[in-house]
There are 2 protein chains.
Amino acid sequence: MHLPTLRQLQFLCALADEKSFSRAADVCNVTQPTLSSAIKEVEAILGVQLVEREARGASLTRAGEETVERARAILSSAADLVSAAHQAGAPLTGPFHLGAIPTLAPYLLPRTLSALRSGHPELKLYLREDQTDRLIEGLRNRTLDAALIALPWASSGIETETLGDDEFLFIAPKGHKLSRSKKLSPEDLNGEDVLLLEDGHCLRDHAIAACALSPSASPSNISATSLATLVQMVAGGLGISLVPKIAAEAGLGAGADLNVRQFDQPLIGRQIGIAWRAGSPREAEARMIGKSVKKTLAARA
Amino acid sequence: MHLPTLRQLQFLCALADEKSFSRAADVCNVTQPTLSSAIKEVEAILGVQLVEREARGASLTRAGEETVERARAILSSAADLVSAAHQAGAPLTGPFHLGAIPTLAPYLLPRTLSALRSGHPELKLYLREDQTDRLIEGLRNRTLDAALIALPWASSGIETETLGDDEFLFIAPKGHKLSRSKKLSPEDLNGEDVLLLEDGHCLRDHAIAACALSPSASPSNISATSLATLVQMVAGGLGISLVPKIAAEAGLGAGADLNVRQFDQPLIGRQIGIAWRAGSPREAEARMIGKSVKKTLAARA
DNA sequence: TTGGTTCAATAGATTATATCTATGCATCTT
DNA sequence: AAGATGCATAGATATAATCTATTGAACCAA
């Protein structure tokens, strides 16, 4: 079977990105005729037209779209092969890019990282705090090596490992009626002024799901940009809310005039996990970091 | 990032297979120096030694092993890209290689295939009957496009779809005591002379599991090579056994002096499914065939 | 319409590279 | 020690990839 060259596949992907032969050629650091003939040859090898040559630039045919998708996967695997081999020469070294969601990073990482750093001084960690979607995208486009997120999160091409549980705690201003109620179940929040994080935070979705809230019908449609802000708003009497136990333990809300309490059965919460791109050469390191986080989670009060 | 060529990866895989530069070169239809320098260049690109040059032939280093594994995956994806594109030019044509396990093929395929052929006359079907392991291997090395097997069967790189259930029926010689017992549950077979297919047939394992048999302690350690043989042996009074309902319905055991009956609760059986290599360009056709089989299964008495 | 502009295809020259033949240099065998 | 086996090296050659220069088609503005 006659295969196209990786180089030709790169050209094709660039063409898909740029939708122009000359711009794509520029991106690939070759001249336009070079790229043109390369694309033509790929089409000859595959026996299908991949590109629609139009007056203004180029667009992909249906077959072209699928081919590009496969080509990207192949190029990514090839890049993985190279970095895995490089890694083999010098294991556990080089910069490692770790992402984490904002409702986790400030509370979980400080404890974990100090342990990790002392155990593995050769590991250069770079951190990025972002929402789940962006972190997954980072894993996909290789700007991240691993990410700490809330599970379950199924996504093709992404592998995950569960590290532990994180309970949701109830917070309210001192003297709120739900602070004094004998029993407290998640459904009791329905109808109250529940403050949530702004859209895009997975904690927001988890809270809505756990308490069976109807997000649109929420009386006060106020959203906070961070947990710290949220806590301040609750302390200011604007409403009630949930916070992850891990954040509360790390000192979130300390000093504020707040009532923090557990729910009675059923306990609600989320799972913490680590994710990496399937086939990543840094999977071993991702699992190692996961192990360290897991230890931190288990060691809590 | 500098990538190795697909050609170079092919050379490397051939070297891994042949464990000899000259033989590998032969396989690739190039001369030995060509392959030697290509391998050397890959090592330069990756910055690791992949091959241990020994007096008698060559062996892979640890890094080499992993690189070869990744290389094989990449080459397979590249081959898929090509055939997917070819497919796009002429969908649903060209030879399709379908495998099926021996306890299914003779009983399920006749009915399904005639329906399939009339519905899709352009599809050239080639059939192969073999045990599950070999079929999966066939999917892996691209000699098969899909396979009808018993599920569940998890295997990385293989995708499956469940098509229906197939109950196990009890068979015994006329007059056997279990033929006359009021109720019949799978555990009743324990301790009896249960005849099974020879090792490697998944039906054997399913039967052992379903009836909680201890295979080594089976009084008569007789194994049959096919269901037809098995039925003859049971009819000959050598013992009792299980047969898939689908086989019985297709006429297995018709005419033989046999007692066939259902089990009472719990019913036991297996699931029928179709499997294909993840990323196969013929996935759509595999699913189509699966649909046809599913219809056949559902249309039974 | 007409002339300018944009963008891809083509032709032919020029590198770059892939591959070959021929040979050398070890190691193992007999 | 002589032959056989198996990989590395060197230099020649063929193949391919890429470049420059140009053409031709489609669009746009006057």
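Order of the sequence lines sets the chain letters (A, B, ...), proteins ahead of strands, with each chain counted from 1. Just so you know, these numbers come straight off a predicted model, no measurement behind them.
When the C1' atom of dT17(C) is taken as reference, atom CD of Q8(B) falls 11 Å away, rounded to whole Å. Atom pair E52(B):CD and dC7(D):C1' shows a separation of 14 Å (rounding to whole Å applied). Rounded to a whole Å, the CG atom of L6(B) is 12 Å from the P atom of dA17(D). In this structure, K19(B) atom NZ and dG6(D) atom C1' are separated by 16 Å, rounded to whole Å. When rounded to the nearest whole Å, the span between CZ of F21(A) and C1' of dT18(D) equals 17 Å. For the pair N29(A) CG and dT18(D) P, the interatomic distance rounds to 11 Å; values are reported in whole Å. Spacing between atom CD of E18(B) and atom P of dG6(D) amounts to 12 Å, rounded to whole angstrom units. The separation between F11(B) atom CZ and dC20(C) atom C1' is 13 Å, rounded to whole Å.
Residues of residues 31-43 of chain B having a heavy atom closer than 4.0 Å to DNA chain C, listed by number: T31(B), P33(B), T34(B).
For H97(A), the ring-ring contact (aromatic ring centres under 6.0 Å, His included) partners at least two apart in sequence or on another chain are Y126(A).
At least one donor-acceptor pair under 3.5 Å links the side chain of T61(B) to the backbone N or O of L50(B). Q49(A) places a side-chain N or O within donor-acceptor distance of the main-chain N or O of V51(A), the cut-off being under 3.5 Å.
Using modelled atom types and a 3.5 Å distance limit, the side chains of S83(A) and Q87(A) yield no donor-acceptor pair.
Across all non-hydrogen atoms, the minimal contact from A275(B) to I158(B) is CB-CG2, 3.9 Å.
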Under 3.5 Å, which donor-acceptor pairs link side chains of residues 3-12 of chain A to any protein atom two or more places apart or in another chain?
unit_1, atom_1, unit_2, atom_2, d
Q8(A), OE1, T5(A), N, 2.8
Q8(A), NE2, E41(A), OE1, 3.1

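The residue among S22(B) and V30(A) whose nearest nucleotide of DNA chain D lies closer to the 5′ end is S22(B).
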